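Whatever order the structure lists ligands and atoms in, that order sets their numbers, starting from 1. Because the structure is predicted, anything quoted here is derived from the model rather than measured.
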Amino acid sequence: MAKKVARLDRQAKQLYVLFSQQAGGCIVVQKLNETERAEALAKLPEWTPTEGRDAIARSFKFKDFKEAFAFMTRAALKAEQMDHHPEWFNVYNRVEVTLATHDVDGLSQRDVELAAYMDSIC
Ligand code: HBI
């Protein structure tokens with residue numbers, strides 16, 4: 001019965017179940033509701049909602065290309081570990097990042113976690 005609910009929700013792109021080695025088992029990934037979204041964004045003041053899309057974005061600026069690329073390398077390793085990948089653009093010392101969970105067509109806790117990690121290493 002529980003399986004069926006998960007499958008129906010998955011069809012609506014609201015929820016999916018992911019096997020995560022990092023978490024040591026299965027985790028449920030859900031699209032954030034309005035309240036959860038507002039609470040999450042309050043803790044990420046540098047990130048702004050993307051126009052016309054359920055996603056968040058932040059522009060990072062570094063001293064030079066080497067610093068920007070070092071940041072991207074650390075973020076990429078974390079993203080790969082999480083199996084959750086940013087959309088980003090880099091030119092010289094600037095890195096523009098957009099985060100969204102494609103599997104639920106919107107924001108999830110995984111975007112919040114990756115955004116907080118990027119904030120912690122920039
Ligand atoms: N990265 N941002 C983001 N969103 C996803 O839904 C996503 C991802 N990386 C891998 C991934 N999903 C896998 O679960 C597969 O859907 C490819």
Side-chain angles (χ1 to χ4, degrees):
M1 194 63 165
K3 254 186 186 171
K4 197 173 182 183
V5 171
R7 189 168 63 82
L8 287 171
D9 280 350
R10 191 192 155 101
Q11 275 172 353
K13 289 196 101 179
Q14 294 292 306
L15 174 152
Y16 68 100
V17 179
L18 185 77
F19 178 76
S20 162
Q21 242 166 356
Q22 192 198 14
C26 286
I27 54 171
V28 173
V29 181
Q30 253 177 305
K31 185 168 175 159
L32 298 183
N33 64 33
E34 279 307 311
T35 313
E36 292 165 335
R37 205 175 183 285
E39 278 172 9
L41 287 179
K43 289 181 197 147
L44 299 168
E46 306 287 341
W47 293 79
T48 49
T50 304
E51 187 103 2
R53 197 180 156 196
D54 190 12
I56 52 172
R58 177 175 175 184
S59 183
F60 294 89
K61 207 166 181 182
F62 298 91
K63 194 181 79 175
D64 52 24
F65 176 72
K66 198 174 67 175
E67 295 286 322
F69 201 79
F71 164 79
M72 291 177 80
T73 303
R74 294 183 71 186
L77 291 173
K78 173 73 172 175
E80 189 56 16
Q81 192 183 41
M82 289 176 67
D83 191 25
H84 194 68
H85 304 92
E87 299 165 33
W88 54 13
F89 171 81
N90 160 244
V91 60
Y92 184 51
N93 64 342
R94 190 162 46 91
V95 182
E96 285 165 17
V97 181
T98 299
L99 296 176
T101 302
H102 310 122
D103 290 336
V104 296
D105 245 346
L107 272 191
S108 76
Q109 199 55 41
R110 292 166 73 67
D111 301 301
V112 176
E113 191 185 329
L114 191 53
Y117 179 76
M118 288 182 174
D119 284 351
S120 77
I121 60 163
C122 71

Cationic N near anionic O, under 4.0 Å, Lys61 to Glu96 = no

Between atom CD of Gln109 and atom CG of Leu114, what is the distance when rounded to the nearest 0.5 Å?
-> 12.0 Å

With the threshold set at 4.0 Å, does a side-chain nitrogen-carboxylate oxygen contact exist between Arg37 and Asp54?
-> yes

Identify whether the distance between the nearest side-chain nitrogen and carboxylate oxygen of Arg74 and Glu67 falls below 4.0 Å.
-> no

Proximal candidate to atom 4 (N) of ligand 1 [heavy atom criterion; set His102, Met82, His85] = His102

From the list Lys78, Lys43, Arg58, salt bridge (Lys or Arg N to Asp or Glu O under 4.0 Å) with Asp119 holds only for Arg58

The atoms of ligand 1 lying under 4.0 Å from a heavy atom of Thr101, numbered in the order shown, are 4 (N), 6 (O)

May I ask you to identify, for Ala100, whether its side chain, its backbone, both or neither come under 4.0 Å of ligand 1 on a heavy-atom basis?
-> backbone

Which of the atoms of ligand 1 are close to Asp83, meaning less than 4.0 Å from one of its heavy atoms?
-> 8 (C), 9 (N), 10 (C), 11 (C), 13 (C), 14 (O)

With hydrophobic residues grouped by side-chain heavy-atom distances under 4.5 Å, do Phe60 and Leu44 end up in a single group?
-> yes

Protein heavy atom under 4.0 Å of atom 17 (C) of ligand 1 = no

N/O to N/O below 3.5 Å, does that happen between Asp111 and ligand 1?
-> no

Options Leu99, Val29, Asp103, ranked by nearest heavy atom to atom 11 (C) of ligand 1, top entry | Asp103

